[in-house]
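Scroll down for the structure; my scribbles are underneath it.
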Amino acid sequence: MEKPEYNYAVVRGFVNWSILWGLVAILVGVIAAIQMTNPELNFPPYFTFGRLRPLHTNAGLYGWGVGSIFAMFLYIVQRLCKVRLWSDKLATFQLWLFNITIIGAAVTLLLGYTTSKEYHELEWPLDIMVVVLWVAFAINIIMTIVKRKEEQMYISLWYMLASIVGVAILYLVNSAEVPVSLFKSYSAYAGTNDANVHWWFGHNAVAMAFTAPPLAMFYYFLPKTTGAPIFSHRLSIVAFWSLIFMYLWTGAHHLLWTPVPDWIQTLAMGFSVMLIAPSWGSVFNGYLSMNGQWHQMRENYLVKFLIVGITFYGLQTLQGPMQAIRTFSAFIHYTDWVPAHIHMGTMGWVSMIAFAGVYFLVPRIYGRELYSVPLANLHFWLILVGQLIWTISLWIAGVLQAGMWNAMNPDGSLTYTFMETMVEMYPFWWARTIGGVIFLIGVIVFIYNLIKTAKGGAPAPAAEGRA
Amino acid sequence: MWEKKPILFLLLATATILVGTIVTMVLPFAWVNTEHDRIETVTPYSALEQEGRDVYIREGCNNCHSQTIRPLVAEVLRYGEYSKSGEFVHDRPFLWGSKRTGPDLARIGGKYPDEWHYKHMDSPRAMVPKTNMPDYGWLTENSLDPDMIRRKMDVLDFPYTEDEIKALAGKNEMDAIVAYMQKLGTGIPWREAAATEIVGELENPFKGDAAAIAAGKAVYDANCAACHGDDLSGDIGPELTDMSAYDDAILYEIIYSGITDGGMPPFASLGSTKVWQLVNFLMYRE
């Protein structure tokens, strides 16, 4: 059979650039973490916590997260469709527009141009760039799928398509704003409506950009790596459709006890708990695909990344619904528990899978075998330990903080002033910084390994032919 | 068969996504910000306040401060009356936040005098020794741009007068953000409604007790010194060295309930024991 020629150059471009933005995100994250304990390290106007934190989240979510998703999707879609990308030029355009947008985001956020909406801070000119970027990406993926040579669309392609349409709807609706000047606009929605629309966006951005895509990667890379098929096709169908149906009802669990109407909060709570089922559908499908293959956890570092990654997905999707229950939210919301929850997802699940994807692609995009597997193992342990120190210390901090906020004297007065609760956080904030630095070292090991591979790893002549 | 038809698949996935979207995101527009949750006394921001709000947004204050008080006992005690939907109808965007590294600000308006805010913004640790809030004294160096603010008010369709716009010329961003702080949460007369009326005789349970005086000093240092001075010599608040004009009960009442329009916050949340300790420190220290 004639082998199609694939476009790996653009995949390599996205891999390299997304890793660079990831490094920036983690560096800025560590700096912001230190500012929490050492306020004298705020350097106004550009380098204060209030401006650096959105830069950290945007570089992490969109530079590293979405950048690596672009890389993986552009690779996987060619392989699963057995055709080259529909348009090489469009893909190259997408790569450069992506980088320009991320640079634009970094510069404007430091200049203080922000909508203030969490994870959607970019002002309207950048919103337009993001939309053009996404349309270019969507057209290329959809057209490649349309002209595919493999009749059946594999699971990964379903998640990809859902992600493409989902992100498009979310971003367009939540971007509605009225410009005042080039870098200032006001939201089209006001107050409680704005809050409800925004967290519909916020939570489903997690679904459509940071759950569906890593699942697409997981479903592709796991069987490719282990050589064993996915346990149940039927389970993946049920999990997919119920996941994309239920997610959209849950945004208001970010707004429990706020002025948002109670019935919306109750629906959000109910659907959040129900989401455990489709989430764990994928977790079980992954675990059961390992039947008879568990020895590979020891022998193949890639399997380790993938299975530990899906495990954190499972933990994330148990902890999330728990936080979405009114009584628990009353206790834990607004504390340091919540950033720890987010970081288990980003550091433990999404990044773990994306790192696995990059390792998988290395021989194919650089044409060389990985320079050092022991370094890849070191990378694994550093990011795992770093993440655990980060998250566990802040879970403890969150419980302590919530307990102190709620503590009351027998006469019905509060036991602690706000400052008395805040000073208790400092040791935990230090622990978070240490966890972040360990994670950062892990990523530097990863980058070093990739550079050594690209510059002088053993050639992998069979790479092109690898399935 | 949907697994073999990408366009059909896209349509099905879109329809699936739209169900929850329509119910929980589109439908609420029929109830929220309508007559249903309108509050008569809630007014739009003035030009200066709106500009302060935009400075708040630019500096990312919402990363550490929330602006919604939930109807939970400890929260209402700490911050004040819980937030109502109708109080936010002029907020574009909403600024409810998701994290309280610092305290909630939904009811900060009127809690402290302007002077407190100027000093606290300039140097937070001078007022609250262990806080990690960054310094914002540099905001005084940025003067306001009246033409730009007029344009913002037009886009938002908020009422303003030309005199109001002209008056912005001599002001800076610090003035704006302090004005915004003082507006927050004042759309309903909750302070008056929440004021505690003490009924019955008040009797000092620790009169002149040395341990109570020592405990009262600690309470003073943590809660009062920032405004009344470390040595009670006064600063933002009056000096407290000569207390001959007060008796125990009156002093207790002032500390407990605050002076609503005089800039003195109520300290009921400290509880009666700590307030009595304070009274003893102020009245009977050596």
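Throughout, protein chains are lettered first and strands after them, A, B, ... in sequence-line order, and every chain is numbered starting at 1. Any value given below was found using the heavy atoms of this structure, including those in side chains, with hydrogens, waters and symmetry copies removed.
Looking at B:Val19, the atoms closer than 4.5 Å to chain A (heavy atoms on both sides) sit in the backbone and in the side chain alike. The contact between A:Thr48 and chain B is made entirely by side chain atoms (from C-beta outward), counting heavy-atom distances below 4.5 Å. Proximity to chain A is absent for every atom of B:Glu141, based on heavy atoms less than 4.5 angstrom apart. Both the backbone and the side chain of A:Ser181 come within contact range of chain B, each with at least one heavy atom under 4.5 Å from a heavy atom of that chain. Both the backbone and the side chain of B:Lys4 come within less than 4.5 Å of a heavy atom in chain A. B:Asp37 does not touch chain A: none of its heavy atoms, backbone or side chain, sits under 4.5 Å away. With a 4.5 Å cut-off on non-hydrogen atoms, B:Cys64 touches chain A through its side chain but not through its backbone. Only the side chain of B:Leu72 comes within contact range of chain A, with at least one heavy atom under 4.5 Å from a heavy atom of that chain. The contact between A:Asn409 and chain B is made entirely by side chain atoms (from C-beta outward), counting heavy-atom distances below 4.5 Å. If you measure heavy-atom distances from A:Ile155 to chain B, you find no contacts under 4.5 Å at all. Contacts of A:Met208 with chain B are made by side-chain atoms alone, with heavy-atom separations under 4.5 Å and no backbone atom involved. Only the side chain of B:Lys274 comes within less than 4.5 Å of a heavy atom in chain A; its backbone stays farther off. Interface remark: B:Val26 contributes no atoms to any contact with chain A (heavy atom separation under 4.5 Å). Heavy-atom distances place the side chain of A:Trp429, and not its backbone, under 4.5 Å from chain B. Only the side chain of B:Tyr79 comes within contact range of chain A, with at least one heavy atom under 4.5 Å from a heavy atom of that chain. With a 4.5 Å cut-off on non-hydrogen atoms, B:Leu139 does not touch chain A at all. For chain B, no part of A:Ala252 is nearby; none of its heavy atoms comes within less than 4.5 Å. Proximity to chain A (any heavy atom under 4.5 Å) is shown, for B:Ser269, by both the backbone and the side chain.
Between chain B and the options A:Leu109, A:Ile244, A:Leu256, the largest number of non-hydrogen pairs under 4.5 Å is found for A:Ile244. For the set A:Tyr113, A:Tyr247, A:Tyr426, A:Phe271, the entry with the most heavy-atom pairs within less than 4.5 Å of chain B is A:Tyr426. The candidate from A:His233, A:Glu121, A:Met425 with the greatest count of non-hydrogen atom pairs under 4.5 Å with chain B is A:His233. Top candidate by heavy-atom pairs under 4.5 Å with chain A, chosen from B:Met25, B:Arg58, B:Glu3, is B:Glu3. Ranked by heavy-atom pairs under 4.5 Å with chain A, the list B:Thr21, B:Thr68, B:Leu95, B:Leu27 is led by B:Thr21. Taking chain B as the reference chain and counting heavy-atom pairs below 4.5 Å, the highest number among A:Ala162, A:Pro45, A:Pro410, A:Pro261 is found for A:Pro45. Taking B:Val89, B:Val128, B:Thr273, B:Val23 one by one and counting their heavy-atom pairs under 4.5 Å with chain A, the maximum is reached by B:Val23. The choice from A:Gly251, A:Ala168, A:Ala188, A:Ser187 that makes the most heavy-atom pairs within less than 4.5 Å of chain B is A:Ser187. Highest contact tally toward chain A, considering only B:Trp96, B:Tyr56, B:Trp138, is held by B:Trp96 [criterion: heavy-atom pairs under 4.5 Å]. Of the residues considered (A:Pro39, A:Gly112, A:Gly412), A:Pro39 shows the highest number of contacts with chain B, using heavy-atom pairs under 4.5 Å. Comparing B:Leu156, B:Ile69, B:Leu270, B:Asn223 by how many heavy-atom pairs each has under 4.5 Å with chain A, the most go to B:Leu156. Contact count versus chain A (heavy atoms, under 4.5 Å) is highest, among B:Ala222, B:Ala15, B:Gly102, B:Pro129, for B:Gly102.
Aromatic rings from B:Phe9 and A:Trp241 are positioned such that their centres are separated by under 6.0 Å. Taking the six-membered ring for Trp and the full ring otherwise, the centers of A:Tyr189 and B:Phe29 sit less than 6.0 Å from each other. For B:Trp31 and A:Trp263, the gap between ring centers is short of 6.0 Å.
Side-chain contact check for B:Tyr136 and A:Asn42: no donor-acceptor pair (N or O, by modelled atom type) lies under 3.5 Å. Looking only at atom types and distance, the side chain of A:Thr192 has a donor-acceptor partner in the side chain of B:Ser85 under 3.5 Å away. Counted by atom type alone, A:Trp200 and B:Thr24 present zero donor-acceptor pairs between their side chains at under 3.5 Å.
Looking only at side-chain heavy atoms (C-beta outward), A:Trp257 and B:Tyr82 stay at 4.5 Å or farther from each other.
A cation-pi contact, defined as under 6.0 Å to the ring centre and within 45° of the axis, links B:Arg100 to A:Tyr334.
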- Task: Could you please spell out the steps behind the side chain to side chain contact (heavy atoms under 4.5 Å, CB included) verdict for B:Asn132 and A:Phe49?
- Result: CA-CA 10 Å; B:Asn132 66 352; A:Phe49 182 87; over 6 Å; no

Run the side chain to side chain contact (heavy atoms under 4.5 Å, CB included) check on A:Tyr186 and B:Asp54 step by step: do they pass? CA-CA 10 Å; A:Tyr186 290 115; B:Asp54 287 339; 2.4 Å; yes

Check against side chain to side chain contact (heavy atoms under 4.5 Å, CB included), B:Leu10 and A:Ile164: CA-CA 9 Å; B:Leu10 272 177; A:Ile164 283 172; 5.5 Å; no

#### Entry: Stepwise side chain to side chain contact (heavy atoms under 4.5 Å, CB included) test for A:Val338 and B:Lys99
CA-CA 8 Å; A:Val338 180; B:Lys99 175 81 181 11; 5.8 Å; no

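At most 12 heavy atoms of other shown residues, nucleotides or ligands fall within 6.0 angstrom of atom CD in B:Glu203.
A distance of 12.0 Å separates CZ in A:Arg326 from CZ in B:Arg70, rounded to the nearest 0.5 Å. The CG atom of B:Asn62 sits 7.0 Å away from the OG1 atom of A:Thr114 when rounded to the nearest 0.5 Å. Distance check, rounded to the nearest 0.5 Å: OG of B:Ser272 to CG of A:Asp411 gives 4.5 Å. To the nearest 0.5 Å, the span separating OG on A:Ser116 from CZ on B:Arg53 amounts to 7.5 Å.
With hydrogens and angles ignored, the 3.5 Å screen pairs no side-chain donor or acceptor of A:Arg51 with any backbone N or O of B:Glu59.
Salt bridge A:Asp194/B:Arg92: absent, no basic N to carboxylate O contact under 4.0 Å.
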